[in-house]
Amino acid sequence: DIGSTNVKVVLVRDDGATLGAAQRPLVWERHGDVAEQDAVALWDAVQGALRDLASAAGSSVMGRVGAVGLCGQYSSIVPVDADAQPLAPMRLYLDQRGTPHCYDVLGRHEEAFTTWLERHPIPPVGGGLALGHILAFQLDESDIHERTAVYLEPVDYVAARLTGVLAATQGSMFASQLIDNRTLGATAYDPDLVAMAGIDPDRLPRLVSVGDAIGTVLPDLAAEIGIGAEVPVLTGITDSCGQALATGADRPGRVGIAIGTTGVILSGVDALGVDLDHEVLAMPGVRTDRYLVSAENGIAGRAVEHVLDHLIHASDALGSHGVADPFDGFDEALASSPAGARGVRFLPWLSGSLSPQADASVRGGFVGVSLDTRRVDLVRATAEGVAHNLRWLLEPVEVFTGEAAEEVVLTGGAARSPRWSQVLADVLQRPVRTVREPGHSGARATAGWALDQLGKTDTDWVRLDRTFDPDPNTADIHAHAQSQFTAAFDALRPLNLGAPPPAS
């Protein structure tokens with residue numbers, strides 16, 4: 001599981017049991033429009049996690065590995081040479097440098113907006129999408145572009161380093177916006193979209209079918225980590241696909257919610273489409289008969305971690321309050337503040353808002369702070385604010401799919417916290433079930449999917465743990481808080497705190 005903040009490697013048996021896990025941290029740089037990650041360091045982290053796993057599991061277990069599956073963050077691009085060596089830092093999904101070039105596409109072609117809407121279905125508006133990254137390399141860094149063999153997404157980059165094969169899929173290249181997604185299972189780029197975008201087609205990786213074994217682990221790496229020769233590596237899938245598999249988000253009456261760095265609601269739908277007003281869209285997943293529905297709020301768990309680490313447990317000129325784990329005491333703090341956090345509302349848009357109302361310039365904070373407010377109220381308000389943002393998004397998702405979400409399955413870091421899970425159930429006023437091993441759920445589900453593609457298992461890989469029923473006594477409290485939450489978004493937008501200051 002290739003994230004933006006860590007790499008996780010999980011070893012699972014064909015009956016679904018976890019045999020071992022390892023992870024390595026990743027760092028990334030952000031300033032202004034720039035958001036980058038060292039692709040060499042990313043591959044080093046993958047190799048290090050594989051070595052750690054092999055050391056802990058032992059040769060007898062590693063020798064029985066039958067497949068490698070990959071999931072990870074997407075809309076991030078790294079240019080590589082023919083040997084899959086990176087030629088520049090990876091541009092992450094937060095990098096905005098290609099946005100002007102995307103608007104140029106709209107300006108050059110009167111029909112661009114409607115063509116992309118019909119075929120993709122996101123218009124070429126930049127905002128961190130991979131098309132903008134590729135255009136920025138091609139147009140602004142021609143020396144890198146000329147040396148580039150292909151531009152790869154993170155899962156395809158790691159697959160290439162594992163196998164030596166440069167390839168991608170319709171799903172992994174979704175954010176490149178160069179494929180006609182009206183047909184699932186496409187293995188060719190749309191020549192009209194490529195031409196209108198002005199992309200050099202020779203720098204695009206060839207497309208293979210999702211679920212294909214694109215190659216085998218290179219002999220030197222296989223020997224180093226102790227797996228057998230000819231172990232197949234399957235096509236990479238997005239982390240949204242991995243979490244949808246883990247939560248069973250495609251099942252009737254259910255949605256999956258992943259609260260990690262960001263918050264995402266996942267579901268399924270039969271037809272390609274997009275709700276531009278609320279940033280809800282259908283995209284290729286792992287099936288060839290149904291689309292994945294994905295709607296991303298923006299940062300979620302990262303906002304909670306920021307409040308805990310930099311406000312509650314800060315070490316600064318006012319004193320040393322730091323702890324090894326910022327979530328120490330988190331559940332106790334949630335229990336020590338009542339539903340509604342004594343009127344405090346947390347607005348989680350610390351780096352802008354995505355769905356259901358996209359606005360990169362809006363900023364968050366606490367409102368409703370009074371003389372009665374205590375630190376525990378700030379903590380509870382933060383967890384509730386993330387939940388209110390998801391509640392705001394859930395209705396547009398239900399309208400988009402045409403199906404009520406009677407049950408929510410939660411994964412990601414939030415699922416490790418019983419109190420946070422209960423907060424989500426109370427705010428959403430829906431039962432919330434958590435997955436087992438939520439920290440590894442995407443990787444585990446991807447492993448199971450990989451084995452399924454090879455015909456090596458028919459196990460149900462959706463493993464659920466606890467159920468949290470909504471407390472009806474909190475319904476009115478959270479309904480009132482929800483109205484305040486959405487009103488605060490509109491009220492704060494004129495402040496435009498995230499926008500650069502006007503020129504003097």
Side-chain angles (χ1 to χ4, degrees), residues 243 246-249 253-260 262-266 297 299-305 307-308 312 325-348 366 368 373-395 397 404-439 441 462-485:
Q243 299 296 9
T247 58
R254 175 185 291 181
V255 298
I257 290 183
I259 301 180
T262 61
V264 184
I265 299 181
L266 302 162
N297 264 161
I299 65 169
R302 178 70 180 273
V304 176
E305 183 180 31
V307 169
L308 293 174
I312 304 300
D325 181 358
F327 283 89
D328 280 351
F330 178 62
D331 274 44
E332 291 81 357
L334 293 180
S336 300
S337 179
R342 295 188 180 91
V344 182
R345 307 286 172 251
F346 176 70
L347 313 177
F366 292 98
T373 300
R374 301 293 181 263
R375 283 194 304 168
V376 292
D377 301 321
L378 300 179
V379 173
R380 184 175 184 94
T382 304
E384 288 184 353
V386 169
H388 281 296
N389 211 25
L390 288 163
R391 175 170 169 166
W392 191 21
L393 176 57
L394 186 56
E395 182 178 352
V397 171
E406 299 168 357
E407 178 187 54
V408 171
V409 175
L410 176 64
T411 188
R416 293 196 292 263
S417 164
R419 292 285 182 180
W420 198 356
S421 301
Q422 185 63 55
V423 164
L424 186 65
D426 292 343
V427 171
L428 297 181
Q429 283 295 297
R430 287 170 171 81
V432 169
R433 302 191 69 183
T434 54
V435 300
R436 295 182 191 175
E437 303 178 50
S441 61
V462 179
R463 301 296 176 88
L464 304 183
D465 190 8
R466 301 179 60 179
T467 299
F468 299 86
D469 292 317
D471 181 354
N473 295 320
T474 67
D476 289 343
I477 294 171
H478 291 305
H480 177 60
Q482 187 70 32
S483 65
Q484 293 178 317
F485 180 87

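No side-chain N or O of Thr411 forms a donor-acceptor pair with one of Thr247 less than 3.5 Å apart. Counted by atom type alone, Arg466 and Thr434 present zero donor-acceptor pairs between their side chains at under 3.5 Å. When only modelled atom types and interatomic distance are considered, His388 and Glu384 share no side-chain donor-acceptor pair under 3.5 Å.
Residue pairs satisfying the salt bridge (charged side-chain N to carboxylate O under 4.0 Å, His left out) criterion with at least one member in residues 325-347, sequence neighbours excluded, are listed as follows: Arg342-Asp377. Residue pairs meeting the salt bridge (charged side-chain N to carboxylate O under 4.0 Å, His left out) criterion with at least one member in residues 416-426, sequence neighbours excluded, do not occur.
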Is there a side chain to side chain contact (heavy atoms under 4.5 Å, CB included) between Val264 and Ile257? Walk through the geometry before answering.
CA-CA 6 Å; Val264 184; Ile257 290 183; over 6 Å; no

Are Ile259 and Trp420 close enough, and set up right, to give a side chain to side chain contact (heavy atoms under 4.5 Å, CB included), and what steps lead you there?
CA-CA 11 Å; Ile259 301 180; Trp420 198 356; 4.0 Å; yes

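Formation of a donor-acceptor pair under 3.5 Å by the Ser417 side chain with backbone atoms of Ala414 is not found in this model.
Using the six-membered ring where Trp is involved, Trp392 and Phe485 have ring planes that are perpendicular, over 60° apart on the 30 and 60° scheme.
Between Phe346 and Leu378 the shortest side-chain heavy-atom distance does not fall below 4.5 Å.
Residue Pro348 forms a side chain to side chain contact (heavy atoms under 4.5 Å, CB included) with just one option from Asn389, Leu390, Asn297, and that option is Asn389.
The side-chain hydrogen bond (donor to acceptor under 3.5 Å, both in side chains) search around Arg254 returns Glu407, not counting sequence neighbours.
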